[in-house]
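Structure in structure tokens, see below.
Quick caveat: nothing in here was measured; it's all calculated off a predicted structure. Quick note: residue numbers are just sequence positions, from 1.
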Amino acid sequence: LNLQSSAAVVDFARDPGVDAALRFGPGGWPGLQAVHLFDDWLTPTASPRLLRRHGRPKLSNLSSLPLLGDAGNRWQMWFREFGGKPPARYVAGFNDSETLHRAAAEGLGVALGRMTLARPLVDAGRLRFLFPERLKSDYSHYLVYPERSQRHPALKVFREWLVGEAADYGTAATSLHPAPRKRRPG
């Protein structure tokens, strides 16, 4: 079994040495088996520092805070689903989720955060989820592999293990509460 980490989408036809990959996307890739691992959800996130400066918002006045835009313009979907009105302009816009989350953690504004990416920052106390409301992302997390890998004994074991881990992770990552801090020995 050969797994590689890369931001690039694996082309299994060009790289027969790769047996499987993890993808974040809409699913349904032609010629591939796709095992759904878990969904991702979006919810407004902000730093404790920004909340001290502006106060904790309500859904009705969320757009009065500095909002950070994203390339998918998901705020439009958020306001359509939960009410309110998007701002005339965002304080900054980002085309990559990681940078968007980091900007929110630095107090630049409120991000419509992907819960799986925001979770480590929430657990570290650098971000807070603002509301219990969540918007399902258009994309989910998948294990993908070509037909040739389907009967690979190691992939079968890995797939079973990963599906179990993903179920636990998906539940924890989308919880609105920070994970309990682990005590260090000593």
State the CD-CG distance between Glu160 and Leu155, to the nearest 0.5 angstrom.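 That separation rounds to 10.0 Å.
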Heavy-atom closest pair, residues Asp39 and Ser140: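 Residues Asp39 and Ser140, closest heavy atoms: OD1-OG, 2.7 Å.
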With side-chain contact (heavy atoms from CB on, under 4.5 Å) as the test, would you mind laying out the steps for Leu37 and Leu22 before giving the verdict? CA-CA 9 Å; Leu37 297 174; Leu22 299 175; 3.9 Å; yes
Not counting sequence neighbours, which residues clear ring-ring contact (aromatic ring centres under 6.0 Å, His included) with His54? List them please.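 Scan of His54 (ring-ring contact (aromatic ring centres under 6.0 Å, His included), adjacent residues dropped) gives none.
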Please say which of Phe38, Tyr139, Tyr142 ends up in a ring pair (Phe, Tyr, Trp, His ring centres under 6.0 Å) with Phe24.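 Exactly one option meets the ring pair (Phe, Tyr, Trp, His ring centres under 6.0 Å) with Phe24, and it is Tyr139.
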Single-linkage hydrophobic cluster, 4.5 Å side-chain cutoff, Val157 and Trp161 together: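 Result: no, two separate clusters.
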Going through the checks in order, is the side-chain contact (heavy atoms from CB on, under 4.5 Å) test met by Tyr169 and Thr116? CA-CA 9 Å; Tyr169 178 78; Thr116 54; 4.0 Å; yes
NZ/Lys136: more than 12 non-hydrogen atoms of other groups inside 6.0 Å: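 More than 12 heavy atoms, drawn from other residues, nucleotides or ligands, come within 6.0 Å of this atom.
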Testing the basics here: between Leu50 and Leu108, what is the closest heavy-atom pair and its distance to 0.1 Å?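 Looking at all heavy atoms of both residues, the shortest contact is CD1-C, 4.2 Å.
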Please tell me whether Val91 and Phe94 are part of a single hydrophobic cluster in this structure, the criterion being side-chain heavy atoms less than 4.5 Å apart.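 Val91 and Phe94: one cluster.
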For His36 and His141, what are the C-alpha separation, side-chain angles and deciding distance, and is it a side-chain contact (heavy atoms from CB on, under 4.5 Å)? CA-CA 6 Å; His36 179 265; His141 298 265; over 6 Å; no
For the student: nearest non-hydrogen atoms of Gly107 and Ser47, plus distance: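 Of all heavy-atom pairs spanning Gly107 and Ser47, the closest is CA-OG, 3.3 Å.
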Do Leu100 and Leu121 sit in the same hydrophobic cluster, where Ile, Leu, Val, Met, Phe, Trp and Tyr count as joined when their side-chain heavy atoms come under 4.5 Å apart?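 Unlinked, Leu100 and Leu121 end up in two clusters.
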For the CZ atom of Arg80 and the CG atom of Leu135, what is their distance to the nearest 0.5 Å?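 Going from the CZ atom of Arg80 to the CG atom of Leu135 covers 9.0 Å.
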If you round to the nearest 0.5 Å, how far is CZ of Arg53 from CG of Leu65?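 The CZ atom of Arg53 is 9.5 Å from CG of Leu65, to the nearest 0.5 Å.
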Distance, nearest 0.5 Å, that separates CD of Glu147 from CD of Gln150: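 Going from the CD atom of Glu147 to the CD atom of Gln150 covers 4.5 Å.
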Can you give me every donor-acceptor pair (side chain of residues 72-79, partner residue at least two apart or in another chain, under 3.5 Å) with its distance?
unit_1, atom_1, unit_2, atom_2, d
Arg74, NH1, Asp70, OD1, 2.9
Trp75, NE1, Leu68, O, 2.8

Side-chain touch Ser149/Val18, heavy atoms, less than 4.5 angstrom: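 In short, these two side chains do not touch, never coming nearer than 4.5 Å.
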Working note: Asp19 + Phe12, criterion side-chain contact (heavy atoms from CB on, under 4.5 Å); need CA distance, chi angles, decisive distance, verdict. CA-CA 8 Å; Asp19 298 307; Phe12 291 101; over 6 Å; no
Leu130 and Leu59: same hydrophobic cluster, using ILVMFWY side-chain contacts below 4.5 Å?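 Leu130 clusters together with Leu59.
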Could you see if Phe82 belongs to whatever hydrophobic cluster contains Leu42? Use Ile, Leu, Val, Met, Phe, Trp, Tyr and a side-chain cutoff under 4.5 Å.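 Yes, it is one cluster - the side chains of Phe82 and Leu42 are joined through contacts under 4.5 Å.
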Quick one: are Arg114 and Trp41 in side-chain contact, heavy atoms under 4.5 Å?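 Of all side-chain heavy-atom pairs linking Trp41 with Arg114, none is under 4.5 Å.
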Work out which heavy atom in Ala21 is nearest to a heavy atom in Val10; give both atom names and the distance.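 Smallest heavy-atom distance, with atoms named: CB-CG2, 4.1 Å.
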Around atom CG of Asn95, are there more than 12 heavy atoms of other residues, nucleotides or ligands at under 6.0 Å?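 Counting other residues, nucleotides and ligands, CG of Asn95 stays at 12 neighbours or fewer.
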Is any side-chain heavy atom of Glu81 closer than 4.5 Å to one of Glu133?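 They are not in side-chain contact.
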Donor-acceptor contact below 3.5 Å, side chain Asn61 vs main chain Ser64: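 The answer is no, because no donor-acceptor pair under 3.5 Å joins these two groups.
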Test log, rule side chain to side chain donor-acceptor pair (under 3.5 Å), inputs Arg159 and Tyr145: CA-CA 10 Å; Arg159 181 181 56 224; Tyr145 49 90; 2.8 Å; yes
Are Arg23 and Trp29 in a cation-pi contact, defined as NZ or CZ under 6.0 Å from the six-membered ring centre and within 45° of the axis?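 Yes, cation above the ring, under 6.0 Å and within 45°.
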Quick one: closest heavy-atom pair of Ala111 and Ala104, and the distance?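 For Ala111 and Ala104, the tightest heavy-atom pair comes out as CB-CB, 3.7 Å.
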CZ/Arg128 to OG1/Thr43 distance, rounded to the nearest 0.5 angstrom?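 Atom-to-atom, Arg128:CZ and Thr43:OG1 are 14.5 Å apart.
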From Leu127 CG over to Thr45 OG1, what is the distance, rounded to the nearest 0.5 angstrom?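 Here the rounded value is 4.5 Å.
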Nearest heavy atoms of Ala13 and Pro16, plus distance in Å: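 Between these two residues, the closest heavy atoms are O-CD, 4.3 Å.
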For Glu98, enumerate each residue passing the side chain to side chain donor-acceptor pair (under 3.5 Å) test, keeping only those at least two apart in sequence or located in another chain.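 Glu98: side chain to side chain donor-acceptor pair (under 3.5 Å) contacts with Arg102.
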